[in-house]
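Throughout, protein chains are lettered first and strands after them, A, B, ... in sequence-line order, and every chain is numbered starting at 1. The model shown is predicted, which means the values in this text are computed figures rather than measured ones.
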Amino acid sequence: MSVNKIVSPRSDTRGLVAVGAAAILWWVGYTVLQPVTEFIAYSALGLTRGSPLGDAVAFFLYDVPKILLLLGAMIFLITIVRTFFSAERTRQLLGGKRVGIGNVLAAMLGIVTPFCSCSAVPLFIGFVESGIPLGVTFSFLIAAPVINEVAIVLLFGLFGWQVAALYVASGLTIAIIAGLIIGRLGLERWVEDFVWKMQFTAAQDESATLTWEERTTRGKDAVRDIVRNVWLYVVLGIAVGAVIHGYVPTDALAELMGKSAWWSVPAAVLIGIPLYSNAAGMIPIVSALMEKGASLGTALAFMMAVVGLSLPETIILRRVLKPQLIAVFVCVVATAIIITGYLFNLVM
Amino acid sequence: MITIKVLGSGCANCHKVEELAKQAAAQLAIDAKVELVTDMKEIARYGVMNTPGIVINEKVVSTGHVPALSQMTTFITNALAG
């Protein structure tokens with residue numbers, strides 16, 4: 001690549017200072033958030049601590065900036081991590097790995113490789129063409145959209161780190177197991193023929209040559225773009241969460257979370273498959289579902305079915321996969337999600 | 001005249017890149033043919049796995065993100081310099 005880069009040490013230092021200053025401001029803001037918002041809710045607005053309205057408002061005032069701060073930090077950091085990875089690099093890392101290890105690695109790389117679902121087809125072709133097993137490729141394609149940093153932050157902010165961790169763990173598990181099963185079934189014949197006949201030489205990879213200034217700029221741009229897209233869902237999701245927090249007594253919630261008809265998990269997944277939403281948009285729905293009495297497993301299974309399996313995605317994949325393989329893909333992932341949903345209901 | 005191909009499946013980012021390419025060319029007062037390539041076989045032929053991809057005069061200059069306008073103009077001037 002003949003791009004001329006002028007790397008000035010001074011601009012790198014300046015960039016570092018800017019990031020450092022932003023980090024300090026972030027930390028200060030985050031620490032004073034709770035006392036400040038409690039002051040606003042209980043003193044300035046004169047609401048009663050312990051009352052449903054008072055608690056709901058305090059929760060809302062605290063959580064909206066808190067989650068936006070966490071979101072900003074998370075997006076910034078993960079975008080920078082992603083500048084060190086690329087589809088080309090992942091392709092090299094996965095090449096030659098045995099099935100099993102390959103699936104695990106592919107699922108984990110699905111989190112850190114920059115990936116937009118419109119790239120699914122060229123990426124599929126690139127991976128498969130370089131000899132990466134079909135199942136391993138699928139592990140990547142399942143993990144990437146499902147394990148979404150916005151969802152993780154929102155789940156962490158609204159339900160705690162255990163739920164967020166569970167979400168990531170289950171996304172990985174589903175990606176690995178579904179990929180293993182699809183690989184085992186030996187369905188190469190259901191990939192469109194032209195894919196096997198193509199020559200594919202990967203374009204050069206810039207992930208190693210970016211300067212720190214470029215990486216942090218991308219981080220900043222990603223924060224601006226993503227927050228601009230999802231802030232409304234965040235506010236909605238927190239508003240619902242605030243209502244639960246203020247108005248639903250803790251014991252009632254615990255009771256509700258335990259109750260769930262056995263068919264609610266598969267029903268949620270079946271309803272979720274034809275629906276499509278981005279991960280952020282799902283969070284208000286998950287909150288509302290849980291308020292209505294759905295257990296955590298059912299709500300998360302619904303979310304994963306909506307985000308992980310979508311009609312637009314299957315239509316796009318039809319360009320490289322024959323209908324039979326698409327059907328197998330959907331069924332295997334759906335089953336994995338259902339099993340995970342049951343597991344959560346049992347465990348939580 | 002240079003050819004700028006934007007490789008992508010037609011999502012919003014790809015259109016953004018297409019617009020940026022036209023803007024950059026206009027800013028540099030360069031005669032450029034900008035086209036959006038959505039055919040997957042074509043995209044794979046260039047070795048691009050992460051769309052949007054930007055190809056100038058048959059050379060891939062960027063994959064996987066929407067560049068800033070200043071970056072786009074840099075791509076074009078570099079391509080002209082050869």
Side-chain angles (χ1 to χ4, degrees), chain A residues 1-6 79 82-83 85-92 113-130 132 137 140 144 192 194-195 197-207 210 214 217-218 220-222 225 229 312-313 315-320, chain B residues 2-21 24 28 35-82:
Chain A
M1 186 152 83
S2 57
V3 175
N4 304 315
K5 282 198 201 178
I6 306 167
T79 303
R82 287 195 177 139
T83 62
F85 289 87
S86 65
E88 293 80 15
R89 188 152 173 233
T90 296
R91 191 176 96 126
Q92 282 167 349
T113 311
F115 177 75
C116 142
S117 48
C118 52
S119 308
V121 170
L123 186 133
F124 180 89
I125 296 176
F127 277 25
V128 159
E129 267 298 301
S130 70
I132 296 175
T137 307
F140 180 88
E192 289 288 346
F194 80 85
V195 174
K197 301 201 184 99
M198 292 190 66
Q199 307 278 54
F200 189 94
T201 359
Q204 83 298 323
D205 172 12
E206 59 174 3
S207 63
L210 291 172
E214 286 170 320
T217 308
R218 291 202 191 181
K220 232 183 345 137
D221 290 344
D225 291 335
N229 274 330
E313 188 188 0
I315 291 176
I316 290 178
L317 284 175
R318 178 65 191 92
R319 301 201 214 180
V320 282
Chain B
I2 58 167
T3 5
I4 305 178
K5 292 187 183 171
V6 177
L7 310 178
S9 62
C11 68
N13 278 350
C14 310
H15 288 294
K16 252 192 258 180
V17 175
E18 198 188 359
E19 273 316 299
L20 276 168
L28 292 170
E35 59 174 296
L36 183 63
V37 176
T38 54
D39 177 43
M40 292 303 163
K41 299 186 194 135
E42 268 294 293
I43 296 176
R45 196 169 64 82
Y46 285 106
V48 169
M49 277 190 281
N50 217 340
T51 55
I54 308 177
V55 176
I56 305 186
N57 285 351
E58 297 303 301
K59 234 169 100 184
V60 179
V61 298
S62 163
T63 60
H65 86 292
V66 180
L69 184 59
S70 53
Q71 251 190 310
M72 184 68 91
T73 46
T74 312
F75 289 150
I76 297 179
T77 34
N78 284 343
L80 286 170

What pairs of donor and acceptor atoms, side-chain ones from residues 7-14 of chain B against any protein atom, are under 3.5 angstrom apart with sequence neighbours left out?
none

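- With a 4.5 Å cut-off on non-hydrogen atoms, Glu88(A) touches chain B through its backbone and its side chain both.
- For Val121(A) against Met40(B), the heavy-atom pair with the smallest separation is CG1-CG, 3.4 Å.
- In this structure, CG on Asn50(B) lies 13.0 Å from CZ on Arg91(A), to the nearest 0.5 angstrom.
- Between Met49(B) and Ser119(A), every side-chain heavy-atom pair lies at or beyond the 4.5 Å cut-off.
- Neither the backbone nor the side chain of Phe124(A) comes within less than 4.5 Å of any heavy atom in chain B.
- To the nearest 0.5 angstrom, His65(B) atom NE2 is 10.5 Å from Thr83(A) atom OG1.
- Residues meeting the side chain to side chain donor-acceptor pair (under 3.5 Å) test with Arg318(A), sequence neighbours left out: Glu192(A).
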